[in-house]
Amino acid sequence: MFKTILVPVDGSSHAEKALSVAAQLARASSATLHLMTVAEFPPDNIGLFTGGTPEPFSEVEREKLAEGMKQEAHKVIDKALAAVDLNGIEVKEVMRQGRPADLINKEAEKLGADVIVMGSRGISDMRGMVFGSVSHKISHIADCTVITVT
């Protein structure tokens, strides 16, 4: 049935449910699970967060922020691995930095994924309402099957 399953996770309960569904699919078809998380790029200026006048981050500040985001991405993967029994399933971890929907789609293409299994909502529901949900965008741009779990 499936050989390659991509599962984007973000630490949300919806992502954990999606991973649980993906694990069932992987067991039924001896597929490899590719567990993916995306750390978004650090913003270009700090003013967006402080409400003040935009001031560019120094390169050192951007690198420090990026490193913190990578550490958070590791925590998301670890949380997902702890939440769902993946014994007997080949699991590969993928961490990227950038725009989630674009990178998830690119990773699916690169892997030749048969299916992307993802949560319908992430940890930033308010942001999703403003900018459009990642799962919604993936369902429109992916060339493979997309299963959205609520």
Side-chain angles (χ1 to χ4, degrees), residues 2-23 25-26 31-84 86 90-150:
F2 299 121
K3 294 186 189 281
T4 304
I5 301 172
L6 179 62
V7 187
V9 294
D10 64 359
S12 69
S13 61
H14 289 275
E16 288 179 13
K17 288 178 187 176
L19 180 56
S20 180
V21 168
L25 293 171
T32 300
L33 271 182
H34 294 265
L35 196 56
M36 179 180 189
T37 191
V38 178
E40 294 190 59
F41 285 126
D44 290 330
N45 58 53
I46 196 166
L48 295 173
F49 292 111
T50 63
T53 305
E55 299 175 25
F57 281 119
S58 70
E59 191 59 33
V60 171
E61 291 169 324
R62 281 183 62 77
E63 286 178 19
K64 188 175 181 180
L65 185 55
E67 184 57 36
M69 293 173 116
K70 287 178 189 174
Q71 289 174 3
E72 286 303 312
H74 279 289
K75 289 179 186 176
V76 167
I77 293 276
D78 292 343
K79 180 182 177 192
L81 290 170
V84 178
L86 299 174
E90 182 179 0
V91 178
K92 296 185 180 182
E93 298 174 19
V94 181
M95 291 183 19
R96 300 286 182 258
Q97 188 171 17
R99 299 186 196 291
D102 296 335
L103 290 175
I104 292 166
N105 189 51
K106 285 179 185 173
E107 192 66 26
E109 289 174 354
K110 176 182 158 192
L111 294 171
D114 300 301
V115 63
I116 300 169
V117 181
M118 61 190 305
S120 62
R121 297 227 189 269
I123 56 171
S124 55
D125 285 339
M126 180 57 77
R127 184 168 178 253
M129 286 189 287
V130 175
F131 294 105
S133 125
V134 173
S135 60
H136 179 77
K137 184 171 182 180
I138 290 296
S139 71
H140 288 281
I141 64 174
D143 288 331
C144 64
T145 300
V146 178
I147 299 172
T148 306
V149 179
T150 57

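Computed from heavy atoms alone, side chains included, the values below leave out hydrogens, waters and symmetry copies.
Side chains of V38 and V134 form no contact here, defined as non-hydrogen atoms less than 4.5 Å apart. Within the 4.5 Å cutoff, the side chain of I138 has heavy atoms near those of the N105 side chain. With a 4.5 Å cut-off on side-chain heavy atoms, M118 and I104 count as touching. Residues K137 and D102 meet the side-chain proximity criterion, which asks for heavy atoms closer than 4.5 Å.
Closest non-hydrogen pair, V76 versus G11, comes out as CG1-N, 3.4 Å. Across every non-hydrogen atom of L35 and A80, the tightest pair is CD2-CB, 4.2 Å. Of all heavy-atom pairs between G119 and S135, the closest is O-CB, 3.5 Å. Closest approach of A31 to I5, counting heavy atoms only: CB-CD1, 3.8 Å.
Listed by chain and number, the residues in a side-chain contact (heavy atoms from CB on, under 4.5 Å) with E16 are K79, A83 (sequence neighbours excluded).
Of the inter-residue distances, the one linking E107 atom CD with R96 atom CZ reads 4.5 Å to the nearest 0.5 angstrom. Atom CG of residue L111 and atom CD1 of residue I116 lie 9.5 Å apart, to the nearest 0.5 angstrom. One finds the NE2 atom of H136 at 12.5 Å from the OG atom of S120 (value rounded to the nearest 0.5 Å). Atoms CE and CE, on M95 and M69 in that order, are 12.0 Å from each other to the nearest 0.5 Å. Here S139 contributes atom OG and I147 contributes atom CD1; the two are 12.5 Å apart, rounded to the nearest 0.5 Å.
Using a cut-off of 4.0 Å between Lys/Arg side-chain N and Asp/Glu carboxylate O, K106 and E109 are scored as not salt-bridged.
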Test salt bridge (Lys or Arg N to Asp or Glu O under 4.0 Å) applied to K64 and E67, step by step
CA-CA 5 Å; K64 188 175 181 180; E67 184 57 36; over 6 Å; no
With side chain to side chain contact (heavy atoms under 4.5 Å, CB included) as the test, would you mind laying out the steps for M36 and L103 before giving the verdict?
CA-CA 10 Å; M36 179 180 189; L103 290 175; 4.1 Å; yes
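Side-chain N or O atoms of T32 include none that pairs as donor or acceptor with a backbone N or O of T4 at under 3.5 Å.
Among the candidates L33, V21, T148, the single residue satisfying the side-chain contact (heavy atoms from CB on, under 4.5 Å) test with V117 is V21.
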